[in-house]
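Worksheet: the structure to be examined is printed underneath.
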Amino acid sequence: MYAYGSKKPLFEELQLQLQEGNIYGLLGKNGAGKSTLLKIISGLLSPNSGEVQVLGYHPNDRNPDFLNQVFLLTEEFDLPSLTIEQYVKYYGAFYPLFEGSLLDQYLLEFKLTRSLKINDLSYGQKKKFLLSFGLATNCKLLILDEPTNGLDIPSKSLFRKVVASAMTEDRTFIISTHQVRDMEGLIDPIIIVDEGEVILNQSMDEVAQKLKVIKSSKVPNEDVAIYWEGNFGSYAAVELNEDNSETNIGLELLFNAVTANKERIHEIFQQS
Amino acid sequence: MKSQFDFHRFIQLLKLELFQSRKGIAMILVITFGALFFIGFLLSLFIERPATYDHTESFGGALMLGGFIVSSLAFSGIDRKLRRIGFLMLPVSSLERFICAWLLTCIGWLLAFSVGFAIYVMIANPIGQMLFPDTAFKGFNPFGSVGLLTMKVYAVLQGIFLVGAAKFRGYVFPKTMVVIISVLTVCGFVIFFALKEEFTSDHYCTVTGECELVDAFALHSVYSVAKVLFWYVLAPLTWVIAYFGLKDQEA
(Lines give C-alpha, C1' and ligand atoms only; values in the text may rest on other atoms or scores of the structure.)
Protein backbone atom coordinates (compact mmCIF):
# COMPACT_ATOMS: atom_id res chain seq x y z
CA MET A 1 0.00 0.00 0.00
CA TYR A 2 1.20 3.49 -0.77
CA ALA A 3 -0.34 6.83 0.16
CA TYR A 4 0.64 10.35 -0.90
CA GLY A 5 0.31 12.30 2.35
CA SER A 6 -3.30 12.26 3.53
CA LYS A 7 -4.70 11.20 0.14
CA LYS A 8 -6.59 7.96 -0.34
CA PRO A 9 -4.15 5.02 -0.18
CA LEU A 10 -3.30 3.30 -3.45
CA PHE A 11 -2.82 -0.42 -4.08
CA GLU A 12 -4.28 -1.69 -0.84
CA GLU A 13 -4.27 -5.49 -0.80
CA LEU A 14 -2.32 -5.58 -4.07
CA GLN A 15 -0.88 -8.94 -5.05
CA LEU A 16 1.00 -8.78 -8.29
CA GLN A 17 3.56 -11.16 -9.67
CA LEU A 18 5.32 -10.49 -12.95
CA GLN A 19 7.00 -13.27 -14.93
CA GLU A 20 10.14 -12.69 -16.97
CA GLY A 21 10.02 -13.00 -20.73
CA ASN A 22 7.02 -10.71 -21.07
CA ILE A 23 6.29 -7.19 -22.22
CA TYR A 24 3.70 -6.10 -19.69
CA GLY A 25 1.37 -3.30 -20.65
CA LEU A 26 0.33 -1.16 -17.73
CA LEU A 27 -2.78 0.69 -18.73
CA GLY A 28 -4.86 3.21 -16.86
CA LYS A 29 -6.41 6.62 -17.05
CA ASN A 30 -4.49 9.71 -15.97
CA GLY A 31 -4.03 9.62 -12.20
CA ALA A 32 -4.94 5.92 -11.94
CA GLY A 33 -1.68 5.11 -10.18
CA LYS A 34 0.44 3.78 -13.06
CA SER A 35 3.46 5.98 -12.40
CA THR A 36 3.19 5.34 -8.66
CA LEU A 37 3.29 1.59 -9.28
CA LEU A 38 6.31 1.98 -11.56
CA LYS A 39 8.08 4.12 -8.98
CA ILE A 40 7.43 1.51 -6.31
CA ILE A 41 8.79 -1.22 -8.57
CA SER A 42 11.90 0.79 -9.37
CA GLY A 43 12.44 1.80 -5.74
CA LEU A 44 11.77 5.52 -6.16
CA LEU A 45 8.88 5.23 -3.70
CA SER A 46 8.71 3.01 -0.66
CA PRO A 47 5.38 1.39 0.14
CA ASN A 48 3.86 2.36 3.49
CA SER A 49 3.06 -1.28 4.12
CA GLY A 50 3.57 -4.60 2.37
CA GLU A 51 6.57 -6.05 0.62
CA VAL A 52 7.97 -5.51 -2.85
CA GLN A 53 10.60 -7.81 -4.33
CA VAL A 54 12.07 -7.23 -7.76
CA LEU A 55 14.78 -9.50 -9.19
CA GLY A 56 15.28 -10.85 -5.67
CA TYR A 57 15.95 -7.39 -4.16
CA HIS A 58 13.90 -4.95 -2.15
CA PRO A 59 13.88 -2.00 -4.56
CA ASN A 60 13.87 0.68 -1.86
CA ASP A 61 17.17 -0.67 -0.49
CA ARG A 62 18.63 0.94 -3.62
CA ASN A 63 21.26 -1.76 -3.92
CA PRO A 64 23.54 -0.89 -6.87
CA ASP A 65 23.46 -4.54 -7.97
CA PHE A 66 19.69 -4.13 -8.34
CA LEU A 67 19.89 -0.71 -9.95
CA ASN A 68 22.32 -1.87 -12.63
CA GLN A 69 19.74 -4.44 -13.77
CA VAL A 70 16.91 -1.92 -14.03
CA PHE A 71 16.42 0.90 -16.48
CA LEU A 72 13.61 3.40 -16.04
CA LEU A 73 12.61 5.71 -18.86
CA THR A 74 10.26 8.28 -17.39
CA GLU A 75 7.84 10.47 -19.32
CA GLU A 76 9.77 13.60 -18.38
CA PHE A 77 13.49 13.67 -17.78
CA ASP A 78 16.40 15.96 -17.24
CA LEU A 79 19.49 14.98 -19.19
CA PRO A 80 22.97 16.36 -18.60
CA SER A 81 24.62 18.66 -21.10
CA LEU A 82 26.76 16.04 -22.82
CA THR A 83 27.14 14.46 -26.24
CA ILE A 84 25.77 10.96 -26.68
CA GLU A 85 29.38 9.72 -26.82
CA GLN A 86 30.19 11.35 -23.46
CA TYR A 87 26.96 10.10 -21.89
CA VAL A 88 27.77 6.56 -22.99
CA LYS A 89 31.34 6.84 -21.71
CA TYR A 90 30.37 8.12 -18.26
CA TYR A 91 27.03 6.37 -17.65
CA GLY A 92 27.51 3.12 -19.57
CA ALA A 93 30.33 2.18 -17.17
CA PHE A 94 27.80 1.70 -14.35
CA TYR A 95 26.06 -1.12 -16.21
CA PRO A 96 28.22 -4.27 -16.30
CA LEU A 97 26.36 -5.75 -19.27
CA PHE A 98 26.33 -2.58 -21.35
CA GLU A 99 27.06 -3.23 -25.04
CA GLY A 100 28.31 -0.34 -27.15
CA SER A 101 27.74 -2.20 -30.41
CA LEU A 102 24.13 -2.82 -29.47
CA LEU A 103 23.69 0.87 -28.73
CA ASP A 104 25.11 1.78 -32.14
CA GLN A 105 22.62 -0.59 -33.74
CA TYR A 106 19.67 1.10 -32.00
CA LEU A 107 21.03 4.58 -32.66
CA LEU A 108 21.29 3.70 -36.32
CA GLU A 109 17.67 2.52 -36.32
CA PHE A 110 16.60 5.82 -34.78
CA LYS A 111 18.90 7.86 -37.07
CA LEU A 112 21.01 9.23 -34.23
CA THR A 113 24.79 9.44 -33.97
CA ARG A 114 27.12 9.46 -30.99
CA SER A 115 28.47 12.92 -31.85
CA LEU A 116 25.11 14.63 -31.26
CA LYS A 117 24.66 16.86 -28.23
CA ILE A 118 21.83 15.52 -26.11
CA ASN A 119 20.45 18.95 -25.29
CA ASP A 120 20.20 19.79 -29.00
CA LEU A 121 17.92 16.80 -29.60
CA SER A 122 14.13 17.10 -29.77
CA TYR A 123 12.02 15.56 -27.01
CA GLY A 124 11.25 12.53 -29.22
CA GLN A 125 14.92 12.08 -30.16
CA LYS A 126 15.93 12.23 -26.50
CA LYS A 127 13.42 9.47 -25.81
CA LYS A 128 14.82 7.40 -28.66
CA PHE A 129 18.32 7.88 -27.30
CA LEU A 130 17.30 6.93 -23.76
CA LEU A 131 15.46 3.88 -25.04
CA SER A 132 18.51 2.85 -27.06
CA PHE A 133 20.75 3.35 -24.03
CA GLY A 134 18.35 1.47 -21.75
CA LEU A 135 18.18 -1.48 -24.13
CA ALA A 136 21.97 -1.48 -24.58
CA THR A 137 22.44 -1.84 -20.82
CA ASN A 138 20.99 -5.36 -21.23
CA CYS A 139 19.01 -4.71 -18.09
CA LYS A 140 16.74 -7.44 -16.76
CA LEU A 141 13.90 -5.01 -16.12
CA LEU A 142 13.08 -2.17 -18.48
CA ILE A 143 10.39 0.22 -17.34
CA LEU A 144 8.97 2.65 -19.85
CA ASP A 145 6.52 5.32 -18.72
CA GLU A 146 4.48 6.72 -21.59
CA PRO A 147 7.25 5.93 -24.09
CA THR A 148 5.34 6.92 -27.22
CA ASN A 149 4.41 10.42 -26.05
CA GLY A 150 6.23 12.86 -28.27
CA LEU A 151 7.07 10.30 -30.95
CA ASP A 152 5.84 10.84 -34.50
CA ILE A 153 3.89 8.09 -36.29
CA PRO A 154 6.87 6.41 -38.06
CA SER A 155 8.83 6.56 -34.80
CA LYS A 156 6.02 4.84 -32.93
CA SER A 157 6.13 1.86 -35.24
CA LEU A 158 9.94 1.84 -35.08
CA PHE A 159 9.65 1.92 -31.29
CA ARG A 160 7.42 -1.17 -31.34
CA LYS A 161 9.85 -2.95 -33.65
CA VAL A 162 12.91 -2.12 -31.56
CA VAL A 163 11.29 -3.05 -28.25
CA ALA A 164 9.91 -6.33 -29.60
CA SER A 165 13.29 -7.28 -31.09
CA ALA A 166 15.08 -6.62 -27.78
CA MET A 167 12.86 -8.94 -25.80
CA THR A 168 14.47 -12.13 -24.50
CA GLU A 169 13.30 -14.84 -22.11
CA ASP A 170 15.25 -13.50 -19.16
CA ARG A 171 14.07 -9.93 -19.46
CA THR A 172 10.91 -8.18 -18.37
CA PHE A 173 9.60 -5.00 -19.91
CA ILE A 174 6.84 -2.93 -18.34
CA ILE A 175 5.32 -0.29 -20.56
CA SER A 176 2.93 2.14 -18.99
CA THR A 177 0.67 4.11 -21.26
CA HIS A 178 -2.73 5.63 -21.72
CA GLN A 179 -2.22 5.66 -25.48
CA VAL A 180 -3.33 2.08 -25.87
CA ARG A 181 -3.44 2.08 -29.67
CA ASP A 182 0.32 2.66 -29.83
CA MET A 183 0.90 -0.58 -27.96
CA GLU A 184 -1.40 -2.83 -29.97
CA GLY A 185 0.35 -6.10 -30.74
CA LEU A 186 3.34 -5.31 -28.54
CA ILE A 187 2.18 -5.64 -24.96
CA ASP A 188 0.99 -8.89 -23.50
CA PRO A 189 -0.05 -9.51 -20.68
CA ILE A 190 -2.14 -6.49 -19.84
CA ILE A 191 -2.36 -4.91 -16.41
CA ILE A 192 -5.09 -2.33 -15.98
CA VAL A 193 -5.07 -0.07 -12.96
CA ASP A 194 -7.88 2.17 -11.87
CA GLU A 195 -8.22 4.33 -8.77
CA GLY A 196 -5.16 2.78 -7.20
CA GLU A 197 -6.03 -0.87 -7.72
CA VAL A 198 -5.17 -3.49 -10.30
CA ILE A 199 -8.44 -4.43 -11.95
CA LEU A 200 -7.06 -6.74 -14.63
CA ASN A 201 -3.86 -8.72 -14.99
CA GLN A 202 -4.26 -11.22 -17.83
CA SER A 203 -2.54 -12.34 -20.97
CA MET A 204 -4.26 -11.54 -24.26
CA ASP A 205 -4.85 -15.30 -24.73
CA GLU A 206 -6.71 -15.49 -21.42
CA VAL A 207 -8.68 -12.39 -22.38
CA ALA A 208 -9.59 -13.92 -25.73
CA GLN A 209 -10.73 -17.14 -23.99
CA LYS A 210 -13.08 -15.25 -21.69
CA LEU A 211 -14.23 -12.35 -23.84
CA LYS A 212 -15.17 -11.86 -27.44
CA VAL A 213 -16.01 -8.86 -29.50
CA ILE A 214 -19.13 -8.69 -31.63
CA LYS A 215 -19.43 -6.05 -34.31
CA SER A 216 -22.81 -5.18 -35.77
CA SER A 217 -24.87 -2.35 -37.12
CA LYS A 218 -27.55 -2.90 -34.49
CA VAL A 219 -27.50 -1.61 -30.93
CA PRO A 220 -26.20 -4.55 -28.84
CA ASN A 221 -28.44 -6.30 -26.34
CA GLU A 222 -27.63 -4.77 -22.96
CA ASP A 223 -28.42 -8.03 -21.15
CA VAL A 224 -25.68 -9.87 -23.06
CA ALA A 225 -23.07 -7.19 -23.67
CA ILE A 226 -20.64 -6.49 -20.88
CA TYR A 227 -19.77 -3.29 -22.62
CA TRP A 228 -20.49 -1.72 -25.98
CA GLU A 229 -19.65 1.39 -27.89
CA GLY A 230 -20.99 2.84 -31.09
CA ASN A 231 -19.32 4.73 -33.85
CA PHE A 232 -21.26 6.21 -36.80
CA GLY A 233 -23.90 3.51 -36.87
CA SER A 234 -21.66 0.52 -36.20
CA TYR A 235 -21.33 -1.05 -32.79
CA ALA A 236 -18.69 -3.11 -31.05
CA ALA A 237 -19.79 -5.10 -28.03
CA VAL A 238 -17.72 -7.08 -25.55
CA GLU A 239 -19.47 -10.29 -24.51
CA LEU A 240 -18.68 -13.45 -22.62
CA ASN A 241 -16.93 -15.90 -24.96
CA GLU A 242 -19.14 -18.88 -24.22
CA ASP A 243 -18.77 -20.45 -27.66
CA ASN A 244 -14.96 -20.20 -27.76
CA SER A 245 -14.99 -17.98 -30.80
CA GLU A 246 -11.71 -16.42 -31.92
CA THR A 247 -12.06 -12.69 -32.05
CA ASN A 248 -9.49 -10.00 -31.64
CA ILE A 249 -10.53 -7.66 -28.91
CA GLY A 250 -8.56 -4.48 -29.37
CA LEU A 251 -6.72 -2.92 -26.45
CA GLU A 252 -8.81 0.23 -26.47
CA LEU A 253 -12.08 -1.70 -26.37
CA LEU A 254 -10.74 -4.02 -23.68
CA PHE A 255 -9.55 -1.07 -21.62
CA ASN A 256 -12.90 0.71 -21.91
CA ALA A 257 -14.80 -2.47 -21.08
CA VAL A 258 -12.70 -3.21 -18.03
CA THR A 259 -12.75 0.31 -16.60
CA ALA A 260 -16.49 0.71 -17.26
CA ASN A 261 -17.49 -2.59 -15.72
CA LYS A 262 -14.91 -3.48 -13.08
CA GLU A 263 -17.00 -5.80 -10.91
CA ARG A 264 -18.32 -7.87 -13.81
CA ILE A 265 -14.84 -8.24 -15.33
CA HIS A 266 -13.44 -9.20 -11.94
CA GLU A 267 -16.10 -11.92 -11.58
CA ILE A 268 -15.44 -13.27 -15.07
CA PHE A 269 -11.70 -13.62 -14.56
CA GLN A 270 -12.12 -15.02 -11.05
CA GLN A 271 -13.92 -18.05 -12.54
CA SER A 272 -11.09 -20.20 -13.87
CA MET B 1 30.08 -5.00 1.51
CA LYS B 2 30.77 -4.91 -2.25
CA SER B 3 27.22 -3.78 -2.87
CA GLN B 4 27.94 -0.79 -0.60
CA PHE B 5 31.40 -0.01 -1.89
CA ASP B 6 32.87 -1.19 -5.13
CA PHE B 7 36.15 0.47 -6.10
CA HIS B 8 35.54 0.34 -9.85
CA ARG B 9 32.07 1.84 -9.47
CA PHE B 10 33.42 4.48 -7.12
CA ILE B 11 36.09 5.55 -9.62
CA GLN B 12 33.43 5.76 -12.34
CA LEU B 13 31.31 7.95 -10.09
CA LEU B 14 34.29 10.15 -9.32
CA LYS B 15 35.02 10.54 -13.04
CA LEU B 16 31.36 11.32 -13.76
CA GLU B 17 31.07 13.91 -10.99
CA LEU B 18 34.37 15.52 -11.94
CA PHE B 19 33.37 15.69 -15.57
CA GLN B 20 29.92 17.09 -14.84
CA SER B 21 31.08 19.67 -12.33
CA ARG B 22 34.16 20.77 -14.24
CA LYS B 23 32.55 23.92 -15.64
CA GLY B 24 30.95 24.85 -12.32
CA ILE B 25 34.21 24.46 -10.39
CA ALA B 26 36.16 26.40 -13.04
CA MET B 27 33.57 29.19 -12.89
CA ILE B 28 33.73 29.36 -9.09
CA LEU B 29 37.53 29.51 -9.23
CA VAL B 30 37.51 32.27 -11.88
CA ILE B 31 34.85 34.27 -9.98
CA THR B 32 36.74 33.85 -6.69
CA PHE B 33 40.08 34.96 -8.09
CA GLY B 34 38.44 37.75 -10.11
CA ALA B 35 36.69 38.99 -6.96
CA LEU B 36 39.92 38.75 -4.94
CA PHE B 37 41.78 40.79 -7.53
CA PHE B 38 39.01 43.39 -7.73
CA ILE B 39 38.66 43.73 -3.95
CA GLY B 40 42.47 43.89 -3.56
CA PHE B 41 42.57 46.59 -6.22
CA LEU B 42 39.85 48.64 -4.47
CA LEU B 43 41.51 48.29 -1.07
CA SER B 44 44.86 49.37 -2.51
CA LEU B 45 43.26 52.64 -3.61
CA PHE B 46 42.33 53.56 -0.04
CA ILE B 47 45.17 52.28 2.16
CA GLU B 48 47.88 54.56 3.46
CA ARG B 49 51.22 54.17 1.77
CA PRO B 50 53.80 52.77 2.00
CA ALA B 51 51.97 49.55 2.79
CA THR B 52 52.47 45.82 2.77
CA TYR B 53 49.89 43.47 1.31
CA ASP B 54 49.89 39.82 2.22
CA HIS B 55 47.41 37.26 1.00
CA THR B 56 46.78 35.32 4.20
CA GLU B 57 43.28 36.67 4.90
CA SER B 58 42.10 36.55 1.31
CA PHE B 59 43.32 32.95 1.04
CA GLY B 60 41.38 31.92 4.14
CA GLY B 61 38.23 33.87 3.30
CA ALA B 62 38.01 32.76 -0.32
CA LEU B 63 38.92 29.15 0.46
CA MET B 64 36.14 28.93 3.05
CA LEU B 65 33.45 30.82 1.15
CA GLY B 66 34.07 29.10 -2.19
CA GLY B 67 34.42 25.69 -0.55
CA PHE B 68 31.24 26.06 1.47
CA ILE B 69 29.31 27.00 -1.67
CA VAL B 70 30.80 24.03 -3.56
CA SER B 71 29.97 21.72 -0.62
CA SER B 72 26.40 23.03 -0.51
CA LEU B 73 26.01 21.90 -4.12
CA ALA B 74 27.38 18.40 -3.42
CA PHE B 75 24.04 16.59 -3.73
CA SER B 76 22.22 19.11 -5.90
CA GLY B 77 20.76 16.32 -8.04
CA ILE B 78 18.51 15.19 -5.21
CA ASP B 79 16.49 18.38 -4.83
CA ARG B 80 15.19 18.83 -8.37
CA LYS B 81 12.21 16.72 -9.30
CA LEU B 82 13.34 15.54 -12.73
CA ARG B 83 17.05 15.32 -11.99
CA ARG B 84 16.23 13.35 -8.84
CA ILE B 85 15.07 10.34 -10.86
CA GLY B 86 18.36 10.13 -12.77
CA PHE B 87 20.25 10.71 -9.53
CA LEU B 88 18.43 7.93 -7.70
CA MET B 89 18.45 5.41 -10.54
CA LEU B 90 22.22 5.61 -11.04
CA PRO B 91 23.62 2.28 -9.82
CA VAL B 92 25.78 3.58 -6.96
CA SER B 93 25.40 3.28 -3.21
CA SER B 94 24.86 6.14 -0.76
CA LEU B 95 28.29 5.41 0.72
CA GLU B 96 30.02 5.75 -2.64
CA ARG B 97 28.09 8.93 -3.34
CA PHE B 98 28.98 10.40 0.04
CA ILE B 99 32.70 9.55 -0.14
CA CYS B 100 32.84 10.89 -3.69
CA ALA B 101 31.19 14.17 -2.65
CA TRP B 102 33.51 14.48 0.34
CA LEU B 103 36.63 13.80 -1.74
CA LEU B 104 35.65 16.37 -4.35
CA THR B 105 34.41 19.13 -2.06
CA CYS B 106 37.01 18.70 0.66
CA ILE B 107 40.28 17.31 -0.69
CA GLY B 108 39.54 18.22 -4.33
CA TRP B 109 38.55 21.78 -3.50
CA LEU B 110 41.52 22.26 -1.16
CA LEU B 111 43.95 21.13 -3.85
CA ALA B 112 42.32 22.97 -6.74
CA PHE B 113 41.94 26.19 -4.78
CA SER B 114 45.43 26.11 -3.27
CA VAL B 115 47.12 25.48 -6.60
CA GLY B 116 44.89 28.12 -8.20
CA PHE B 117 45.70 30.55 -5.42
CA ALA B 118 49.45 30.00 -5.80
CA ILE B 119 49.12 30.80 -9.51
CA TYR B 120 46.89 33.79 -8.70
CA VAL B 121 49.53 35.19 -6.31
CA MET B 122 52.21 34.76 -8.94
CA ILE B 123 50.13 36.75 -11.43
CA ALA B 124 48.51 39.29 -9.08
CA ASN B 125 51.67 40.36 -7.25
CA PRO B 126 53.62 41.71 -10.25
CA ILE B 127 50.47 43.42 -11.58
CA GLY B 128 49.80 44.96 -8.14
CA GLN B 129 53.43 46.05 -7.92
CA MET B 130 53.15 47.71 -11.29
CA LEU B 131 49.94 49.56 -10.38
CA PHE B 132 50.96 50.48 -6.83
CA PRO B 133 54.77 50.75 -6.69
CA ASP B 134 54.76 51.99 -3.07
CA THR B 135 52.98 48.85 -1.79
CA ALA B 136 54.95 45.72 -1.06
CA PHE B 137 53.11 42.60 -2.19
CA LYS B 138 54.23 39.59 -0.19
CA GLY B 139 54.35 36.13 -1.65
CA PHE B 140 52.10 33.45 -0.19
CA ASN B 141 52.64 29.73 -0.01
CA PRO B 142 49.28 27.97 0.46
CA PHE B 143 51.14 24.91 1.71
CA GLY B 144 53.01 26.83 4.41
CA SER B 145 52.03 26.56 8.09
CA VAL B 146 49.30 29.28 7.95
CA GLY B 147 47.87 27.85 4.74
CA LEU B 148 47.80 24.32 6.15
CA LEU B 149 46.08 25.47 9.34
CA THR B 150 43.43 27.24 7.25
CA MET B 151 42.96 24.07 5.23
CA LYS B 152 42.53 22.02 8.41
CA VAL B 153 39.86 24.43 9.65
CA TYR B 154 38.11 24.21 6.28
CA ALA B 155 38.23 20.39 6.34
CA VAL B 156 36.48 20.45 9.73
CA LEU B 157 33.82 23.07 8.96
CA GLN B 158 33.07 21.84 5.44
CA GLY B 159 31.25 18.81 6.86
CA ILE B 160 28.51 21.12 8.17
CA PHE B 161 27.74 22.20 4.60
CA LEU B 162 27.66 18.57 3.47
CA VAL B 163 25.02 18.00 6.15
CA GLY B 164 23.11 20.97 4.71
CA ALA B 165 23.45 19.55 1.20
CA ALA B 166 22.09 16.19 2.34
CA LYS B 167 19.27 17.58 4.49
CA PHE B 168 17.94 20.62 2.64
CA ARG B 169 16.23 20.79 -0.71
CA GLY B 170 17.12 24.03 -2.49
CA TYR B 171 18.88 27.17 -1.20
CA VAL B 172 21.28 24.94 0.72
CA PHE B 173 23.98 27.53 1.39
CA PRO B 174 21.76 30.28 2.87
CA LYS B 175 19.70 27.72 4.82
CA THR B 176 22.85 26.18 6.29
CA MET B 177 24.18 29.62 7.21
CA VAL B 178 20.93 30.45 9.01
CA VAL B 179 21.12 27.18 10.95
CA ILE B 180 24.78 27.75 11.88
CA ILE B 181 24.09 31.30 13.09
CA SER B 182 21.02 30.18 15.06
CA VAL B 183 22.86 27.24 16.67
CA LEU B 184 25.87 29.38 17.53
CA THR B 185 23.65 32.06 19.07
CA VAL B 186 21.81 29.53 21.22
CA CYS B 187 25.05 27.75 22.19
CA GLY B 188 26.66 31.10 22.99
CA PHE B 189 23.86 32.03 25.37
CA VAL B 190 23.74 28.60 27.00
CA ILE B 191 27.51 28.43 27.46
CA PHE B 192 27.64 31.97 28.77
CA PHE B 193 24.98 31.42 31.40
CA ALA B 194 26.00 27.86 32.31
CA LEU B 195 29.72 28.58 32.57
CA LYS B 196 29.66 32.22 33.69
CA GLU B 197 30.53 31.21 37.23
CA GLU B 198 33.48 29.11 36.17
CA PHE B 199 34.85 31.81 33.88
CA THR B 200 34.66 34.45 36.57
CA SER B 201 36.04 32.30 39.39
CA ASP B 202 38.65 30.11 37.65
CA HIS B 203 42.08 30.81 39.22
CA TYR B 204 45.60 29.62 38.65
CA CYS B 205 48.01 29.38 41.53
CA THR B 206 51.80 29.46 41.58
CA VAL B 207 53.99 27.14 43.75
CA THR B 208 54.32 29.92 46.28
CA GLY B 209 50.58 29.82 46.77
CA GLU B 210 49.73 33.08 45.03
CA CYS B 211 46.51 32.78 43.01
CA GLU B 212 45.16 34.97 40.21
CA LEU B 213 41.96 34.98 38.20
CA VAL B 214 42.33 33.31 34.82
CA ASP B 215 41.74 36.10 32.35
CA ALA B 216 42.75 34.48 29.05
CA PHE B 217 40.09 32.34 27.38
CA ALA B 218 42.63 29.81 26.14
CA LEU B 219 43.69 28.97 29.67
CA HIS B 220 40.22 27.83 30.81
CA SER B 221 39.57 24.08 30.92
CA VAL B 222 36.42 24.61 28.82
CA TYR B 223 38.64 25.78 25.98
CA SER B 224 40.56 22.51 25.88
CA VAL B 225 37.30 20.57 25.74
CA ALA B 226 36.02 22.83 22.95
CA LYS B 227 39.31 22.38 21.09
CA VAL B 228 39.08 18.58 21.26
CA LEU B 229 35.46 18.69 20.15
CA PHE B 230 36.30 20.97 17.23
CA TRP B 231 39.34 19.12 15.92
CA TYR B 232 38.35 15.51 16.58
CA VAL B 233 34.56 15.27 16.96
CA LEU B 234 32.89 17.89 14.76
CA ALA B 235 34.09 16.63 11.37
CA PRO B 236 33.37 12.88 11.86
CA LEU B 237 30.02 13.77 13.42
CA THR B 238 28.99 15.91 10.45
CA TRP B 239 30.14 13.21 8.02
CA VAL B 240 28.01 10.60 9.75
CA ILE B 241 24.99 12.94 9.83
CA ALA B 242 25.52 13.85 6.16
CA TYR B 243 25.75 10.18 5.15
CA PHE B 244 22.57 9.19 6.96
CA GLY B 245 20.85 12.36 5.74
CA LEU B 246 21.71 11.35 2.18
CA LYS B 247 20.39 7.84 2.80
CA ASP B 248 17.16 9.32 4.18
CA GLN B 249 16.75 11.55 1.14
CA GLU B 250 17.25 8.59 -1.16
CA ALA B 251 14.71 6.43 0.64
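Lettering follows sequence order; numbering is per chain, from 1. Worth knowing before you read on, the calculation uses all heavy atoms, side chains too, and leaves out hydrogens, waters and symmetry mates.
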* To do: Select one option (side chain, backbone, both, neither) describing which atoms of Phe77(A) are under 4.5 Å from chain B's heavy atoms.
  => backbone

* Asked: Are side-chain heavy atoms of Leu141(A) and Leu18(A) found at a separation under 4.5 Å?
  -> no

* Ring centres under 6.0 angstrom apart (Phe161(B), Phe173(B)) -> yes

* Asked: Which atoms of Leu82(A) come close to chain B, meaning under 4.5 Å heavy atom to heavy atom: side chain ones, backbone ones, both, or neither?
  -> side chain

* To do: For this output row, return yes or no: ring centroids of Tyr106(A) and Phe133(A) closer than 6.0 angstrom.
  => no

* **Centroid-centroid distance, Phe129(A) to Phe110(A), less than 6.0 Å** => no

* What is the minimum heavy-atom distance between Phe71(A) and Cys139(A), and which atoms define it? -> CB-SG, 3.7 Å

* **Taking every non-hydrogen atom, the tightest pair across Lys128(A) and Leu112(A)** => CB-CD1, 4.1 Å

Considering distance alone, list the donor-acceptor pairs between chain A and chain B shorter than 3.5 Å.
{"unit_1": "Arg62(A)", "atom_1": "NH2", "unit_2": "Leu88(B)", "atom_2": "O", "d": "2.2"}
{"unit_1": "Asp78(A)", "atom_1": "OD2", "unit_2": "Arg83(B)", "atom_2": "NE", "d": "3.2"}
{"unit_1": "Tyr91(A)", "atom_1": "OH", "unit_2": "Gln20(B)", "atom_2": "NE2", "d": "2.9"}

* Asked: Which pair of heavy atoms, one from Cys100(B) and one from Phe10(B), lies closest together, and at what distance?
  -> N-CE1, 3.5 Å

